[in-house]
Structure formats: structure tokens, C-alpha cells
Amino acid sequence: MEKIGLCMYCGLACRLVYTFENGELRKVRPLKTDPVSRGAPCIKGLTIHEVVAKGRLKRPLIRRSPWRPPREASWQEALDVVADWLRDADPYEIAVVASGKTSNEDVYALVKLARGVLGTPNIDNCCGRLCHAPTIAVLKDLYGIPASPGYLDDIDELDALLLAGTNPASNYPVMFNRIMRARRLRSLKLVTVDPVRSETSRYSDYPLGVRPGSELVVFNYFAKTVIERRAYPDHVEEIPGFRNYKKSLQPYDLDFASRISGVEKTLLSSAADALIEAKIRGVANGMGLTQHSNSVESLYALYNLALLLDAKIVTGRGEINVQGAGDMGALPDALPTGGMETYVELSRLWGLPVEPVKGLTITETLFHEPMSIYMISAMNPAHSMPAADIVAKRLENGFTVQMDSYYNQTSEYATVILPTPLLIERDGTVTSGERRVRSIGKPLEHPAQTRREWVIAAGIAERLGFKDKFSYENTWSLTREYVRVIPAYRAVDPLALEKGEDQWASKQVKWRRFRPPVFRGLDAAKTRGYPWILTSFRSSHHFLSNEATSKSETLSKFPEKPYLYMNPRDLECLNLREGDVVRLCTRHACKELPVAPSSRVPRGMLGVYWHFREVEYNKLVPLLFETRTMTPQYKNVPARLEVEGKHLNPCTSESSRTTS
Ligand SMILES: Nc1nc2c(c(=O)[nH]1)N[C@H]1C(S)=C(S)[C@@H](COP(=O)(O)OP(=O)(O)OC[C@H]3O[C@@H](n4cnc5c(=O)[nH]c(N)nc54)[C@H](O)[C@@H]3O)O[C@H]1N2
Ligand SMILES: Nc1nc2c(c(=O)[nH]1)N[C@H]1C(S)=C(S)[C@@H](COP(=O)(O)OP(=O)(O)OC[C@H]3O[C@@H](n4cnc5c(=O)[nH]c(N)nc54)[C@H](O)[C@@H]3O)O[C@H]1N2
Ligand code: SF4
Ligand SMILES: [Mo]
């Protein structure tokens, strides 16, 4: 037997064929007719059958006291306990976190529960906050759309593509297939801006190995050159802010760009030529740009340049439904109906009082204003958030309700653990990174004792006296409700979705305007005493905290390891061999790790695959954020290395071991 359904990993949301024998999932195959994967999905999707059944949470668990193992409970008891706590809590001390790994319907129900029933504005979504919140803030400001305005298929038409701090060859393989196709068929020129030699930059025509944090200067140099050569369409001069933008570019000449970024002048100027000579240009950015304290400014520089070049914006979104999670209103500064000013309309539609109050992001609720209750859906903050040791304490000190499919690091600190189905065990919809709305298709049955978030939300609402507001017949009743409530989804037809046809949320750009960014310099003071730059990247065979992908035999065979990767020449000059253990310190914490050589890491930098539990990378990441969006600075972390009490400095001369 075969069933067609979505993948459960990245934001491209491929459709796959699930093959069963005697009722057991045996194999996952490509779907030839899928317009997203074009019949060539990636290895993660094709190994889903190896992971789904293993190590699943099967029953609700309740923990009486910290450090004691939790005991099994009935759903009745678990939901009663949760409802009792919620009833007694100050609404402003409740944080609800929805997930990009669940469906639109599940996220929407949690938003309605938070804002409408619990009366808390502290509603956020995990992946959105930790990855592309800065990108969305800038796109909203410059284009009036909280999403990428371009389409994946736009890549087919491009003559040049600027990829800034993103590695689609590893993280969005199906997008990368399109890039390689355009290279073959129309000689697309690829410009990459990444200090690391990633799988993608290996194919780059102009691999700009910039100093972390210097990207803004490079983008502004490109823009200055485009303007000087008048290589932009006429209509661009009519865009508000053009004059100021043009004036602000004055200092960004080739000398300055090369000095700050560390990239050779000839390479920089030939990359500028490639962008100028191309007829149709595209841009995309990723975590290398967003996970920095100066990310918003770099992104203004990138998307001003995109405006100037009239470029297609093809930025991918991380998890399969992170675009949908934001669109459903799982954000502290927006409502499903739009801005805070729409609260009257939302109150009317829901028949529930909604206050026009801006809430706190998940980062703020964990680090700045601790909550008494955390309700967390399909997320593993004790692994994925910075200063993970502090996160663990906060979750432990509060009353933490976890809704998840696996027992992960966060489960250790949860008071109530509610077992949920995986995405592919659900019906309903997701919205991919290009705002394509797709039916999940429920290729798999969910384990008997699991319940999804909308059912949990309904159970809690009932206990709090709001049964009539959550009396949904099935998942599609929620779909029909959200398309009425959310303006960008008004044209979406739930019946077509139910039949398996794709729909589109609005792709309309509302306005265009330039807004010159501010360059505050590469902050040298921050790195005093911490001479190395530590960064984290992803492997194409592991997904996030690796909860699901670690269970695949095929994926586990690939060579990435929980090591600290260094340039082979740095290892050699420091007399280190693969497997030697060093002490790695940041301003936040220290950790002993074995080293290994990797030619992808440039000299003076250190890299880890943050997926691995053993590395516990985020226990090292200090509390530095982009202040507007509160996205953590996971990249570009100043670090120190020690062996037997001696500091190891990056090699500038022959010997770099110094006594501390
Ligand atoms: N150092 C460092 N840290 C990072 C990042 C980084 O680049 N560097 N990136 C950040 C980014 S972009 C993100 S999005 C966050 C992500 O961080 P999280 O959102 O915390 O993601 P996971 O760590 O995978 O935890 C998600 C949990 O979802 C559960 N789950 C439930 N249903 C499903 C399903 O259907 N499929 C899958 N796969 N899992 C399911 C799994 O049990 C898993 O334990 O991490 C951030 N943390
Ligand atoms: N296989 C796999 N695929 C995934 C995921 C996964 O965990 N595994 N996660 C999904 C999710 S949630 C997301 S958000 C996306 C993320 O996908 P990407 O945005 O591609 O994220 P990363 O791989 O974390 O970082 C991208 C690149 O930034 C570079 N970089 C590091 N520091 C800097 C810097 O200071 N400046 C610049 N310019 N670049 C820098 C890294 O070397 C890396 O090549 O991937 C999604 N797809
Ligand atoms: S590209 Fe993304 S959505 Fe497609 S199969 Fe791979 S992980 Fe799944
Ligand atoms: Mo992400």
C-alpha cells in the first residue's frame, strides 16, 4: 500500500510517497509529480521510515519533584493538573510557545488558547524566533510582507544569485538542485558570503570568505558600485528613500570593503561585476546573517541591495511550518488578524476578549522575565537555546508543560509531558517557506495515546469554561476558521486543500522603500581575551537537535562527529592531533572537547555541528541578542582554547602556545 504525504523536516515541504507492507511503514520514495521536489527530495525525507517508530513518548507523564523520574498518568489527570495551574496563574506569567514542526491548525489553536482563553500575550514560535525573525522584520519594513516575496521556481530564471550566510547544498537540498540546474542551463553565477567553506560555497563562482559581521560593508560596496555604474532599473529612483540610501553608500568603496571584510579586492570587484552583468538577479540569506547581534543592520543592507537590483528574494525558511507558525499569529507583537489595532475584530471573530498588548518573546521569558508557567510545543529549548544551563533552571523553576513526540533534554525539566503525534501523523495543513499551503496528508497513523496540540488546547479550554469556543468537529473546521480570520489566507480554499491541491497565502508586496543601515564596526573589545571565533553550522544528515535524525541508521553512517573542528594548519601549528581534548571557553562557560581537522573551517575559527547532544554547544553560547527581534547570536562567538592550563592562540607566527 502507498500513501502520499509531506516530509516532516525543512521549510521546503516536499511531498513524498510512503510505502507500507502489512501495515508497517517500509520505505519512503520520491513523488515524481511533486512540483517542489521535482521528484528529487533529499536523504532526510527518504529515511523517515527509519526514525518514526523509535523511542516515542507513549503516555502522559507527570513529575512530582525535580530530579525524580516522572510517572505515567492518564490524559484526564494530566490535563486536570495543567488546567488547575493555568486557572490560578497570573496571565502575564504564562508563556506559550508554538512550533514550526506542527500544523497550522495546531499553532492556531494554541494562539487562540493563549490570547483568547488564558489572556496572555506571551505567545511565540520556536523556529521563527531563533532563525529568521530578523529577516522577517526587515522584509516587513522594506516590502510590507512578512515572508519571502519570491518563489522557489524563480531560481530557474536567475543569471546571478547572492547567497549570504546560507548553505542550501546542506540545508535546502531541493532548492540547491534548482541552483545547480540554472548553473548548467543558463550559467547562473553564484556569489556566496560565508567565512566557512561550506558545501554550497564549494560550487560558488565568487566564494567571499568574509570576516563574520562584516557582511554589511560588502553589500553596501556592491550597492555603491551598482549606483556608480547606473546598473539598476529606472523605476528604482522612484522608490522612497533612494536619495538617502545613495548618500549613505559614500564610504563603502572597494578599499574599505576589502579591509573590513578581509576579502581580496579582485574577488570583491569581480563579484560586483557578476551581479551587475546579470539580467535577472536573486538574493537569499540564512543563519550566518540572522544569528548575530547586528543582524538587522546587515539584513537592511542586503535587502536594500535587492531593491536596487530588482532581485528575486528566494530566502528559505527553516522548519517545515515556521512560515505558517508566524502567519497563524504565534508572535508576541502581532495578532492573527494583523497588528494590535485589529484586536476588536479578533475579539468579535473569536467571541473572546483579546487585549491589544505586545507580549514577550521566548528569549525574554527565559532570560529577562521568568514565567511561572511555560507551555512548550515540539521544541527542545534545553538544547537549542543559548545559555542552555540557564534555560534548564528556568524551566525547572517554573511549571513546564511539554508537548512533544520524544523524551528530549527539555523533558528532564518538565512537570507535565504530553505525548503528541509527529507532523506526518496529523491531518491539516502547513505553509512552506514560499507560502505554499499544503495538506500534510497524514501518511501515518498516530500512536494511540498521542494527542495533538489543538485537541490538547480544546481539553484545557473546556476545563477553564470555554468549551463552546473550541468545539471543533475535526481539524478541517480549524482550517476553515483560520482562513476567515487571517487576512493573508482569505483566498485559500480549504476544500481544495482537503483534496490535496496546493494553495497560496498572499505573496503581495505592499510597498517598497529603502532604509539605510548603520555600520557599527567589528566590535574588537568584545573579543579581548577570546581570540578565536566560534561558530555552529549544520550537517545535511542531521536535523536540529537530532532527536529524529539520530534514529536513522543510514544518516548515522555519515562522518560528521561531535568534535570541535579546526583548520588542519591551525591544528598542525598548535601540535594538536585528531582526538586530542582541548578546553573550549566562551564568556559564558567552558567545555572539554576532542578536536578534528576540517578544511571547511578557516584559520582562526572553530566550528561545531550543534546538532549533537554530546557537544552541548548552546551551554557555551553567551547571552547576546539582536535587540529588536531577540534572536540569539549563535554564530560569531568569541572563544578561548586551553590545553593543560595554557592558552592556545590562533597561529600568526610559528609558535602560538602562551602561558596564561
Ligand atoms: N548553536 C546553534 N543553536 C541553534 C541554531 C544554530 O544554528 N546554532 N539554530 C536555531 C534554529 S534556526 C532553530 S529553528 C532552533 C530549533 O530548535 P528546536 O525548535 O528546539 O528544535 P529541535 O531541537 O529539533 O527540537 C524539537 C523537538 O521537536 C520534536 N518533534 C515533534 N514533532 C516533530 C516532527 O514531526 N518532526 C521532528 N523532526 N521533530 C518533532 C522532537 O521531539 C524534538 O525534540 O534551534 C536554534 N538553535
Ligand atoms: N540538514 C539540515 N537541514 C536543515 C536544518 C538542519 O538542522 N539540518 N535546519 C533547518 C532550519 S530550522 C533552518 S533555520 C535552516 C538554516 O539553514 P542555513 O540558513 O543555511 O543555516 P546554517 O547552516 O546554520 O548557517 C548557514 C551558513 O552560515 C555560515 N556562517 C556562520 N557564521 C557566519 C557569519 O558570521 N557570517 C556569514 N556570512 N556566514 C556565517 C555557516 O558557515 C553556514 O554555511 O536549515 C533548515 N534545514
Ligand atoms: S528538502 Fe526538506 S522537505 Fe524536502 S525531503 Fe529534504 S528535508 Fe524534506
Ligand atoms: Mo530554524
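Every number for a ligand or one of its atoms is a count from 1 in the order of the listing.
The single protein non-hydrogen atom nearest to atom 31 (C) of ligand 2 is Thr535 OG1, 3.4 Å, given as residue, atom name and distance. The closest protein non-hydrogen atom to atom 15 (C) of ligand 2 is Tyr172 OH, 3.2 Å. Counting protein heavy atoms only, atom 40 (C) of ligand 2 is closest to Gly288 CA, 3.3 Å. If you check which protein heavy atom lies closest to atom 18 (P) of ligand 2, you get Asn171 ND2, 3.3 Å. Nearest protein neighbour of atom 44 (O) of ligand 2, counting heavy atoms only, is Asp194 OD2, 2.6 Å. Annotation: atom 46 (C) of ligand 2 to nearest protein heavy atom, Gly318 O, 3.8 Å. Nearest to atom 37 (C) of ligand 2 among the protein's heavy atoms is Glu215 OE2, 3.1 Å.
Under the 3.5 Å distance criterion, with hydrogens and angles disregarded, a donor-acceptor pair is assigned to the side chains of Tyr303 and Thr315. A donor-acceptor contact under 3.5 angstrom links the side chains of Gln402 and Ser411, judged on distance only. No hydrogens or angles considered: a donor-acceptor pair under 3.5 Å links the side chains of Glu50 and Thr554. Side chains of Thr200 and Asn167: a donor-acceptor N/O pair is present below 3.5 angstrom, by distance only. Side-chain atoms of Ser204 and Thr192 form a donor-acceptor pair, as typed in the model, at a separation below 3.5 Å. A donor and an acceptor atom, one from each side chain of His588 and Asp389, are located under 3.5 Å apart. Of the N and O atoms on the side chains of Lys635 and Gln291, at least one donor lies less than 3.5 Å from an acceptor on the other residue. Side chain to side chain, His292 and Ser295 fail the donor-acceptor criterion of an N or O pair below 3.5 Å. For the residue pair Thr631 and Glu626, no side-chain donor N or O sits within less than 3.5 Å of a side-chain acceptor on the partner. For the 3.5 Å distance criterion, the side chains of Asn285 and Glu215 fail to qualify, holding no donor opposite an acceptor. Side chain to side chain, Thr361 and Glu364 meet the donor-acceptor criterion of an N or O pair below 3.5 Å. In this structure, a donor-acceptor pair under 3.5 Å is absent between the side chains of Ser201 and Asp194.
For Tyr563, there are no ring-ring contact (aromatic ring centres under 6.0 Å, His included) partners, not counting sequence neighbours.
Proximity of Leu422 to ligand 1, defined as any heavy-atom pair under 4.0 Å, is shared by backbone and side chain alike. Contacts between Ser198 and ligand 2 below 4.0 angstrom, taking non-hydrogen atoms only, involve the side chain exclusively. Under 4.0 angstrom from ligand 1, the non-hydrogen atoms of Asp404 all belong to its side chain. Contacts between Arg317 and ligand 2 below 4.0 angstrom, taking non-hydrogen atoms only, are absent altogether. Neither the backbone nor the side chain of Tyr9 comes within 4.0 Å of ligand 2, counting heavy atoms alone. Neither the backbone nor the side chain of His132 has any atom closer than 4.0 Å to an atom of ligand 2 (non-hydrogen atoms only).
Glu199 does not count as a contact of ligand 2, since none of its heavy atoms falls under 4.0 Å from the ligand. Asn618 counts as a contact of ligand 1, since one of its heavy atoms falls under 4.0 Å from the ligand. At least one heavy atom of Ser539 sits under 4.0 Å from some atom of ligand 2. Heavy atoms of Ala164 come nearer than 4.0 angstrom to ligand 2 in no pair at all. Using a 4.0 Å heavy-atom cutoff, Gln291 is absent from the residues neighbouring ligand 2. By the 4.0 Å heavy-atom criterion, Met385 is excluded from the residues contacting ligand 1. Between Met287 and ligand 1 there is a heavy-atom distance shorter than 4.0 Å. Heavy-atom distances between Tyr634 and ligand 2 stay at or above 4.0 Å for every pair.
The shortest N/O to N/O separation between Val196 and ligand 2 does not fall below 3.5 Å. Looking at ligand 2, you'll find an N or O of Arg538 within less than 3.5 Å of one of its N or O atoms. Looking at Thr166 next to ligand 2, an N or O pair under 3.5 Å apart turns up. Checking only distances, Cys131 never comes within under 3.5 Å of ligand 2, N or O to N or O. Note: no N/O pair closer than 3.5 Å links Arg600 and ligand 2 by distance alone. Polar contact with ligand 2: absent for Asn636 (N/O pair, distance under 3.5 Å). Ligand 2 has a nitrogen or oxygen under 3.5 angstrom from a nitrogen or oxygen of Val193. Of the polar atoms of Leu544, at least one N or O is found under 3.5 Å from an N or O of ligand 2, judged by distance alone. Polar contact check, Ser536 against ligand 2: no nitrogen or oxygen pair lies under 3.5 Å apart.
Remark: Lys54 fails to qualify as a cation-pi partner of Tyr406 under the 6.0 Å distance and 45° angle criteria applied to the six-membered ring. For the pair Arg435 and Tyr151, the cation-pi criterion (under 6.0 Å, within 45° of the ring axis) is not fulfilled.
Within ligand 1, counting atoms from 1 as listed, the ones closer than 4.0 Å to a heavy atom of Cys126 are 19 (O). Of all atoms in ligand 1, numbered sequentially from 1 with element shown, those under 4.0 Å from a heavy atom of Ala378 are 26 (C), 27 (C), 28 (O), 31 (C). Remark: ligand 1 atoms within the under-4.0 Å shell around heavy atoms of Ser545 are 22 (P), 23 (O), 24 (O), 25 (O). Below 4.0 Å from some heavy atom of Glu319 lie the following atoms of ligand 2, by number and element: 12 (S). When each atom of ligand 1 is checked for a heavy atom of Tyr617 under 4.0 Å away, the hits are 1 (N). For ligand 2, the atoms lying closer than 4.0 Å to a non-hydrogen atom of Ser170 are 1 (N). Listed by atom number, the atoms of ligand 1 under 4.0 Å from Ser405 heavy atoms are 31 (C), 32 (N).
When the heavy atoms of Ser384, Ala388, Ser103, Pro632 are ranked by distance to atom 17 (O) of ligand 1, first place goes to Ser384.
A salt bridge is absent between Glu434 and Arg317: the closest approach of a Lys/Arg side-chain nitrogen to an acidic carboxylate oxygen does not fall below 4.0 angstrom. For Arg29 and Glu2, the salt-bridge test passes: some basic side-chain N is under 4.0 Å from an acidic carboxylate O. Lys101 and Asp106 are not joined by a salt bridge, as no carboxylate oxygen comes within less than 4.0 angstrom of a charged side-chain nitrogen. Using a 4.0 Å cut-off between charged side-chain N and carboxylate O, Arg436 and Asp502 make a salt bridge. For Arg426 and Glu453, the salt-bridge test passes: some basic side-chain N is under 4.0 Å from an acidic carboxylate O. Using a cutoff of 4.0 Å between basic side-chain nitrogens and carboxylate oxygens, Arg438 and Asp34 are scored as salt-bridged.
Less than 2.8 Å away from atom 8 (Fe) of ligand 3, the protein contributes these N/O/S atoms: Cys7 SG.
In this structure, Phe367 has its ring center closer than 6.0 angstrom to the ring center of Phe625.
Partner of Asn104 under the side-chain hydrogen bond (donor to acceptor under 3.5 Å, both in side chains) criterion, out of Asp327, Thr429, Thr475: Thr429 alone.
Disulfide status for Cys14 with Cys42: absent, SG atoms not under 2.5 Å apart.
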